[in-house]
Amino acid sequence: MDDRPVDDPVPGALVKRHRLSTRLWHWSNALLLYTLFTSGLGIFNAHPRLYWGHYGANFDTAWLELERFPGWLTLPTSYSLAMSRHWHLAAAPLFAFGLLAYMVWSLANRHFPRDLAFRAAEVRPGPVWQDIKDHARLRFPTGAAALRYNVLQKASYNGVLFLLLPVLILTGLTMSPGMNAAWPWLVDLFGGRQSARSIHFIAAWGLVVFVLVHLLMVLLAGPYNEVRSMITGRYRLPRERGA
Amino acid sequence: MRVMLTRRALVLGMGATLAGCDRLARNESFREALFSAENFHKWAQRGLSDRQALAREFRPDQISPIFRANGTANPNTPAYKALWRKGFADWRLKVSGLVARPLALSLPQLRNLPHREQITRHDCVEGWSAIGKWRGVPLRTVLEGAQLSDRARYLVFRCADDMGGGNAYYESIDLIDAFHPQTILAFALNDQSLSVANGAPLRLRVERQLGYKHAKYLMEIQAVASLDGIGKGKGGFWEDHADYDWYAGI
């Protein structure tokens, strides 16, 4: 079956790739996640120890104990738990409701089923292994194929959208004593407030790994073209190698 | 060399961006916007969930082996030491302000009122938690005894610990938390009389909020219509001196 559109864009053509809503959401996420991560490290610095279970303080066994993160990584740059919390708690609802709006919007305009859902053909071992080999050799799709997400892209975007980000938001809420009373199932879901704090920390670093790989891919795929497509929406289709 | 340069660029880039954020946070209107997140969280929690929802109560085998004490470990003022030496026999909890019947309750009087016992988790704003078993008098019982006026909107808790410059610790809660069934004036932790480190002879438990709201070394409860005249007006010592949120449910 040939699912290519009739006016199949030719390599080298400048095409419309990202909608305005996608672009706005992307850059507000970049800003909010940067704020959330750096202020989160500032909050962590108030008690740089992590535990499993319902309780955990200085006399209890920590599974991780760190020095304070340096000022060039934290918001604010000089230690202030109150200011870190103000930044974090102001950015968190903007980010969470932004994600919710994006999800509702993407269901309504069929972005999820069209672009993010796996096709039966692409999740078989053969094509997945091929995609892994292509990535390892830095052979990125060219022409119109570059407009579709490949299976590894889909896997990482789905993992971030439907696992990592919801886990970050829910573990964040689980640390709130008010939310614990309102929604006790949250504490049960993560096995205690201190477990939630640990998972929040791990998921935050998981997101950092995603962002680093994401940036690396942008650099390898051609930063000018990629960044332009996220600012103006226009994207030049990569030419065939050697062409 | 290249790795070093990249690292340096990263450190400088991050440092400069974050320093920019710090400058932004000194702008008065941006600061107000940032601090208003507290109102959103209070509105969301109070408005969208059950105001009477109970904090989780745990089983005895879930109690922390050692309950960490935080903040003032001992008020150490001459007045407090004098009270402590006599086993708090001369200590009285004053209930004042917008009440029809001001009270001065002794420890035995409080112990003779109906008690509530609860095993709850104490969450410090710093991030750690400790579970302990508290016994005390529901604040509601004391407020009903004092006949709280209809004009009262907040309760201010005056404490014995001097935070420097003759400034004693103070905190405040509104009536939603004051009349919540788990809000108690606790005189015992884990079946022992409250230790000095944990706030002897009496401390507030307001279970759905962070630790700094749980005022220790209670001396007086003042019913007020507004927090304007209290300290610098934000309702608590850390709120006034370190920009902590008054609503500490998040």
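A note on names: the letters A, B, ... follow the listed sequences, proteins ahead of strands, and every chain is numbered from 1. Computed from heavy atoms alone, side chains included, the values below leave out hydrogens, waters and symmetry copies.
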Can you find a heavy atom in the side chain of L89(A) that is under 4.5 Å from one in the side chain of D245(B)? yes
Correct closest heavy-atom pair for E207(B) and P177(A) would be O-CB, 4.3 Å
Using heavy-atom distances under 4.5 Å, tell me whether W87(A) contacts chain B through its side chain, its backbone, both, or neither. both
Please look at R193(A) and chain B and tell me whether the side chain, the backbone, both or neither of the residue comes under 4.5 angstrom of a heavy atom of that chain. both
If you tally heavy-atom pairs under 4.5 Å against chain B, which of D60(A), L94(A), D188(A) wins? D188(A)
Under 4.5 Å from any heavy atom of chain A - which part of R51(B): neither
A side-chain contact here means heavy atoms from C-beta on lying under 4.5 Å apart; do D123(B) and M175(A) qualify? no
Flag yes if more than 12 heavy atoms outside W105(A) fall under 6.0 Å of its CH2 atom; otherwise flag no. no
Any side-chain to backbone donor/acceptor pair from H86(A) onto A25(B)? Under 3.5 Å, distance only. no
Of G249(B), A33(B), C21(B), the largest count of non-hydrogen pairs under 4.5 angstrom with chain A goes to G249(B)
Rounded to the nearest 0.5 Å, how far apart are CD1 of I66(B) and CG of N58(A)? 10.0 Å
Mind checking whether E38(B) and R85(A) have side chains closer than 4.5 Å, heavy atoms only? no
Can you tell which part of R56(B) gets under 4.5 Å to a heavy atom of chain A, answering side chain, backbone, both or neither? side chain
Toward chain B, the part of T35(A) with a non-hydrogen atom under 4.5 Å: neither
Residue among W72(A), F59(A), Y51(A), W183(A) with most heavy-atom pairs under 4.5 Å to chain B: W72(A)
Please work out which of the three classes, parallel, tilted or perpendicular, describes the rings of F97(A) and F40(B), given edges at 30° and 60°. perpendicular
Could you tell me the separation between the CG atom of L75(A) and the CG atom of L24(B), rounded to the nearest 0.5 Å? 9.5 Å
Please classify the contact between L54(B) and chain A as side chain, backbone, both or neither, with a heavy-atom cut-off of under 4.5 Å. backbone
Do side-chain atoms of E126(B) reach the backbone of P48(A) as a donor and acceptor pair under 3.5 angstrom? no
Would you say S176(A) and Q45(B) make side-chain contact, with heavy atoms under 4.5 Å? yes
Are more than 12 heavy atoms from other residues, nucleotides or ligands located less than 6.0 Å from atom CZ of R19(A)? no
Do you know which of G172(A), S78(A), A90(A) has the most heavy-atom pairs with chain B at a distance under 4.5 angstrom? A90(A)
Taking all atoms of both residues into account, what is the closest heavy-atom pair of T77(A) and G15(B), and its distance? CG2-O, 4.4 Å
Indicate the atoms forming the closest heavy-atom contact of A181(A) with A53(B), along with that distance. O-CB, 3.5 Å
Measure up the H54(A) and F58(B) rings against each other and bin them: parallel (under 30°), tilted (30 to 60°), perpendicular (over 60°). perpendicular
Measure the shortest side-chain to side-chain distance between F35(B) and M83(A) over non-hydrogen atoms and say whether it is less than 4.5 angstrom. yes
Does W27(A) have more than 12 heavy atoms from other residues, nucleotides or ligands lying within 6.0 Å of its CH2? yes
Need one label for Q52(B): side chain, backbone, both or neither, based on atoms under 4.5 Å from any heavy atom in chain A. neither
Side chain / backbone / both / neither for D50(B) at chain A, heavy atoms under 4.5 Å: neither
Under a 4.5 Å heavy-atom cutoff, which of T74(A), I43(A), N45(A), L50(A) has the most pairs with chain B? T74(A)
Does some side-chain heavy atom of Y55(A) sit less than 4.5 Å from a side-chain heavy atom of I63(B)? no
If one checks every heavy atom of Y34(A) against chain B at 4.5 Å, the contacting part turns out to be side chain
Check A242(B) against A82(A) and note the closest heavy-atom contact, atom names and distance. O-CB, 3.0 Å
Among Y244(B), Y247(B), W238(B), which has the most heavy-atom pairs under 4.5 Å with chain A? Y244(B)
Checking heavy atoms, do the side chain of A16(B), its backbone, both or neither come under 4.5 Å from chain A? neither
